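All figures in this text were calculated on a predicted structure; none of them were measured in a lab.
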Amino acid sequence: MTSSLLRPRGRTRTGTTGAPGGAAAEGSTAPTRILDRRDPLVAALVRELGAGASGSAGAAGSAGAADAVGSADPARQIEFLHRAHTWISGAVRPVYSVQDERPVSEVLRRGRGSCSQRLAVLEAVARAYGVPTRVRGLLVDGSFWYPRFPRLRRIVPDQVLLAWPEFRLASPAGASGAAASWLTVSELLGGLRPVAAEQGGGFTNAGPETLFEALSRTAIDWDAAPAVCPSTGPGAGPGAGAGAGAACDLSAYVLTDLGHYASRDELFARHGQTLCGLARLMAEPVLGRRGAA
């Protein structure tokens, strides 16, 4: 049993085939209120991550100015974003914060964040490095979070608004002006690195591993045929995820596809956050410090 009482009122969350107004969401490297990539904390993190990347000579320049796709080597961008994901996984403690609109700089200052907030950190450093990002809005069935809150199912929201990032890497050298395609965060982190494919396996949404960490070892899939990830689906028992492939199909939990938005700021401005303002105010002092376990 999930609850609809905590949802924002006056919001119509219906599916769409694209950005508001029907135009394609092109994404951007521009800073936003949430993705405040020009904040000194974010800029310092980008310099730190760029300094550790192979062939990092252009990292500092990208952080300050590069907005155009094709201004950097895509292989270097992939390496940088994998490095960023690893750093965030280790440095930003996973908690159940419900403030999805919290600026990235504040998440870094606190040293803790939800999966949504940590994905925003990844987006901000990507934009600072010259990689455009956008998000796809997904309404996910609240039952997906039952393993996290087994005794609180009655107050788990019936639907959770998920801002799923996408990244547009630079075009490979020699590509005749062809526009680079968008990659979801799961394709980027779980599908473009051999070690991730080798690890594979399902995702239980229980225990210390969160959705954010799981991205580095399995390709989270919200679009596949309606069959759930072996280790999370109804009736799954101990060891149900054993032998699972590199991809983890969670499409059965998707209630509505809200389309693409140029930023998570735009998505939340149109559809609100998962919880209404009063619920966030009451829940954040507790959930914002409760670690995933």
- Which is it for V131 and T29 under the side-chain contact (heavy atoms from CB on, under 4.5 Å) test, yes or no, and what are the steps along the way? CA-CA 6 Å; V131 178; T29 59; 5.8 Å; no

- Message: Donor-acceptor pair, distance only, cut-off 3.5 Å: does the side chain of S89 make one with the backbone of H85?
- Response: yes

- Salt bridge or not for E26 and R134, using N-O below 4.0 Å? no

- Message: Within the 4.5 Å heavy-atom criterion, are L108 and V92 side-chain neighbours or not?
- Response: yes

- Inter-residue atom distance L35.CG - E123.CD, 0.5 Å rounding: 5.0 Å

- Query: Tell me, do Y129 and L81 make a side-chain contact under 4.5 Å, heavy atoms counted?
  - Reply: no

- Considering only heavy atoms from C-beta outward, does the side chain of Y146 approach that of N205 to under 4.5 Å? no

- For the pair R110 and E106, find out whether any cationic side-chain nitrogen is under 4.0 Å from an anionic carboxylate oxygen. yes

- What's the spacing between R38 CZ and T32 OG1 if we round to 0.5 Å? 11.0 Å

- To the nearest 0.5 Å, how far apart are CG in L169 and CZ in R76? 13.5 Å

- Side chains of L162 and V254: does their closest heavy-atom pair fall under 4.5 Å? no

- Do V125 and L45 come within less than 4.5 Å of each other through their side chains, counting heavy atoms only? yes

- Decide whether S116 and R264 meet the rule of one side-chain donor and one side-chain acceptor closer than 3.5 Å. yes

- Query: What do the steps show when you test L161 against L258 for side-chain contact (heavy atoms from CB on, under 4.5 Å), and what is the final call?
  - Reply: CA-CA 9 Å; L161 178 56; L258 298 173; 3.5 Å; yes

- Item | side-chain contact (heavy atoms from CB on, under 4.5 Å) involving T210 - partner list, sequence neighbours excluded | P94, C115, R118, R148, F212, E213, A292

- Query: Can the ring centres of Y96 and F149 be said to be less than 6.0 Å apart?
  - Reply: yes

- Is the closest side-chain donor-acceptor distance between S97 and Q117 under 3.5 Å? yes

- Query: Between D265 and I34, is there a donor-acceptor pair closer than 3.5 Å when you use the side chain of the first and the backbone of the second?
  - Reply: yes

- Message: In terms of relative ring orientation, are W222 and W164 parallel, tilted or perpendicular, with 30° and 60° separating the classes?
- Response: perpendicular

- H82 side chain vs L188 backbone, donor-acceptor pair below 3.5 Å: yes

- Item | Expected output: side-chain S28 to main-chain A30 donor-acceptor under 3.5 Å | yes

- Query: Transitively linked via ILVMFWY side-chain contacts under 4.5 Å: I220 with L119?
  - Reply: yes

- Item | Worked check of side-chain contact (heavy atoms from CB on, under 4.5 Å) between L41 and V104 | CA-CA 9 Å; L41 275 179; V104 163; over 6 Å; no

- Task: For the pair Q273 (side chain) and D100 (backbone), establish whether a donor and an acceptor sit closer than 3.5 Å, ignoring hydrogens and angles.
- Result: yes

- Is L183 close to R168 at the side-chain level, that is, under 4.5 Å between some pair of heavy atoms? no

- Query: Is there side-chain contact between Y253 and S143, with heavy atoms separated by less than 4.5 Å?
  - Reply: yes

- Note on the structure: Distance col, row F203:CZ vs E209:CD, nearest 0.5 angstrom, shows 6.0 Å

- Is it true that R127 and D36 have a side-chain N and a carboxylate O under 4.0 angstrom from each other? no

- Please confirm whether the backbone N or O of A170 pairs with a side-chain atom of Q77, one donor and one acceptor, at under 3.5 Å? yes

- Message: Is any side-chain heavy atom of P165 closer than 4.5 Å to one of T133?
- Response: no

- Task: State whether a side-chain donor-acceptor pair under 3.5 Å links T184 with S186.
- Result: yes

- Query: What distance separates R102 CZ from S105 OG, expressed to the nearest 0.5 Å?
  - Reply: 10.5 Å

- Treat each ILVMFWY residue as a node, draw an edge where side-chain heavy atoms are under 4.5 Å apart, and state whether V135 and L255 are in one component. yes

- Using 4.0 Å as the upper bound for N to carboxylate O, is an ion pair formed by R136 and D223? yes

- Message: Taking F80 as the starting point, is it possible to reach W182 by hopping between hydrophobic residues whose side chains are less than 4.5 Å apart?
- Response: no

- Item | Contact list for residues 84-96, test salt bridge (charged side-chain N to carboxylate O under 4.0 Å, His left out), sequence neighbours left out | none

- Of all the heavy-atom pairs spanning G113 and V107, show the shortest one and how long it is. CA-CG1, 4.3 Å

- Query: Out of curiosity, does V121 fall in the hydrophobic cluster containing V95 (side-chain heavy atoms, cut-off under 4.5 Å, transitive links)?
  - Reply: no

- Answer yes if F167 and L138 sit in the same cluster of Ile, Leu, Val, Met, Phe, Trp and Tyr residues linked by side chain heavy atoms under 4.5 Å apart, and no otherwise. yes

